[in-house]
Amino acid sequence: MTPPTTPVRTPLPPSALPGLDLSDPATHARHDLSEIWRTLRAEDPVHLHRPAGGGPAFWVVTRFADATEVYRAPDRFTSARGNVLASLLQGGDSASGVMAAVTDGPRHRELRRVLLKAFSPRALTGVVEKVEKAGHDLVAAAVGRPECDFAEDVAGHLPLKAICDLLDVPEQDRAFLLRLTRTALSSDGPDQSPFDVWQARNDILAYFGELATSRRERPGTDAVSVLATAETEGRPLTMDEVVANCYSLILGGDETSRLSMIGAVLAFIEHPAQWRAFKNGEVSVDAAVDEVLRWTTPALHFGRTATADTLLNGVSIASGDIVTVWNASANRDESAFTDPDRFDLGRMPNKHLSFGHGPHYCVGAYLGRAEIAGLLKALREQVDRMELTGRPEPIYSSMLSGFSSLPVRLVA
Ligand code: HEM
């Protein structure tokens, strides 16, 4: 088949903004908003967005410097009432005060300290080795086939495997858990039944409840055991806290890493000279990983709630207002990155916001980077050329960005 031309999303002019709803997954699945972000950064960097079709207004922060100011100041901009538009617009997050990502202040610091223990270098060494080997084997199986769906056949297997290794989920439970997380989390399309999603989430929480109970009795060195046996302020975590934070590792680490791997291959196909430079060893794997993260920006936005009346870049924000930070725009801010619309694998420095910034900075950043690095090394060693053989399918989400399907041929 003739390879389709990308982009698969239609570019929209800045004049289209008043007709859009940035909280609607369809907006991001169908449209390329680069021009809108560029204009907002230049003319209205702290913009009050009134979604077309009604719904509460929210602030849209598009510049790198303003984004870091919001991320750095949980006392002014809290995560405790939700950290993504989906929960913020519904008035809060039920895991608030229990799950680190939606908790602030001293309790957040305690929960985060426990989570970081679960990511100790000792816990991670085996996980990283195994995920690198899995990446190598999956690429080997895909190379030479007339076509594969890189999203499904390669990237789809890696991050969840790493998280299951980190949590030491027994082998026999993994297919079951994979099915549940696909239903609970997937942003693949608009037609998920809300009941199935709710049911799958409950089943995951119940599964981790049982696992954590048994690990509390017979702890190992895995992340579930770390959480189940941790003490904060002189008492063990409640079972709700253990379960919610186990779940947050899947929530935070599966789709994000997967989308950056899929986006990396598409970027290599669209920028063959950069792929050649990487293949020939002209750029380091570490630098390439960071540029892949900046370029793909899997987490489009994160959100906060203003705790009091405050000023951001001279704009008055009222207590209780929803403030969204668009990483997708901040990572292309011309005042923070030279030539930001160039995919440049050797880019240095590259202080992107793909893992966030400040006190909620991604606890899985080391693992996420290691997973992507493993995959890039596997591609470099085994693949000479990559070709698109079908149309990439954008995911359906206002929070995450990337592709759920990427039909390609990998040529040795
Ligand atoms: C936090 C992105 C991988 C677990 C975050 C935040 C971002 C992010 C932007 C900040 C959220 C905020 O400020 O509200 C990513 C990306 C990844 C990735 C792009 C991969 C490419 C992972 C992995 C895990 C993970 C592999 C775990 C296995 C978490 C958790 C938090 C978090 C638990 C909350 C930390 C806190 O609130 O203190 N991530 N992440 N992430 N991430 Fe990741």
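Predicted model, so just to flag it, every value in this text is computed and none were measured. Counting starts at 1 for both ligands and their atoms, following the listed order.
Both tests hold for Arg9 against Phe403: distance to the six-membered ring centre under 6.0 Å, angle to the ring axis within 45°. In this structure, Arg332 forms no cation-pi arrangement with Phe337, as its terminal cationic atom is not both closer than 6.0 Å to the ring centre and no more than 45° off the ring axis.
Close contacts of ligand 1 with Ala101, meaning ligand atoms under 4.0 Å from a residue heavy atom, involve 34 (C), 37 (O). Shown in contact with His108 at under 4.0 Å from a heavy atom are these atoms of ligand 1, numbered in order with element: 36 (C), 37 (O), 38 (O). Within ligand 1, counting atoms from 1 as listed, the ones closer than 4.0 Å to a heavy atom of Ser260 are 21 (C). Shown in contact with Ser248 at under 4.0 Å from a heavy atom are these atoms of ligand 1, numbered in order with element: 33 (C). For ligand 1 and Ser354, the ligand atoms under 4.0 Å from any heavy atom of the residue are 2 (C), 9 (C), 19 (C). Residue Leu293 has at least one heavy-atom neighbour below 4.0 Å for each of these atoms of ligand 1: 21 (C). Against a heavy-atom cut-off of under 4.0 Å, Ala100 is close to the following atoms of ligand 1: 37 (O). Counting atoms of ligand 1 from 1 in the listed order, those under 4.0 Å from a heavy atom of Tyr71 are 13 (O).
Gly253 CA, 3.3 Å is the protein heavy atom nearest to atom 23 (C) of ligand 1. In this structure, atom 8 (C) of ligand 1 lies nearest to the protein heavy atom Cys362 CB, 3.7 Å. Among all protein heavy atoms, the one lying closest to atom 20 (C) of ligand 1 is Ser257 OG, 3.5 Å. Scanning the protein heavy atoms around atom 29 (C) of ligand 1, the nearest turns out to be Val363 CG2, 3.9 Å.
Taking the charged nitrogens against the carboxylate oxygens, Glu291 and Arg347 do have a contact shorter than 4.0 Å, which makes a salt bridge. One finds a salt bridge joining Arg38 and Asp341 here, because a Lys/Arg side-chain nitrogen approaches an Asp/Glu carboxylate oxygen to under 4.0 Å. Ion pairing of Asp286 with Arg369 is absent here, as no side-chain N (NZ or NE/NH1/NH2) approaches a carboxylate O to less than 4.0 Å. Between Glu241 and Arg107 there is a salt bridge, since a side-chain N of the basic residue sits under 4.0 Å from a carboxylate O of the acidic one. A salt bridge is defined here as a Lys NZ or Arg NE, NH1 or NH2 lying under 4.0 Å from an Asp or Glu carboxylate O, and Arg385 with Glu387 meets this definition. In summary, Arg215 and Asp222 engage in a salt bridge, as defined by a charged side-chain N under 4.0 Å from a carboxylate O.
With ring centers used as reference points, His271 lies under 6.0 Å from Trp295.
Within the structure, ligand 1 lacks Ser79 among the residues with a heavy atom less than 4.0 angstrom away.
At a 4.0 Å heavy-atom cut-off, ligand 1 touches Phe119 through the side chain alone. In His360, the parts holding a heavy atom less than 4.0 Å from any atom of ligand 1 are both the side chain and the backbone. Only the side chain of Arg304 comes within 4.0 Å of ligand 1, counting heavy atoms alone; its backbone N, CA, C and O stay farther away. Contacts of Phe355 with ligand 1, taken as heavy-atom pairs under 4.0 Å, involve both backbone and side chain.
Between Tyr361 and ligand 1, a contact under 3.5 Å exists for no N or O pair. By the 3.5 Å distance cut-off applied to N or O atoms, Gly252 is counted among the residues near ligand 1.
Of all heavy-atom pairs spanning Ala223 and Leu249, the tightest one is CB-CD1, 4.3 Å. Of all non-hydrogen atoms in Leu22 and Trp326, the two that sit nearest each other are O-CH2, 3.7 Å.
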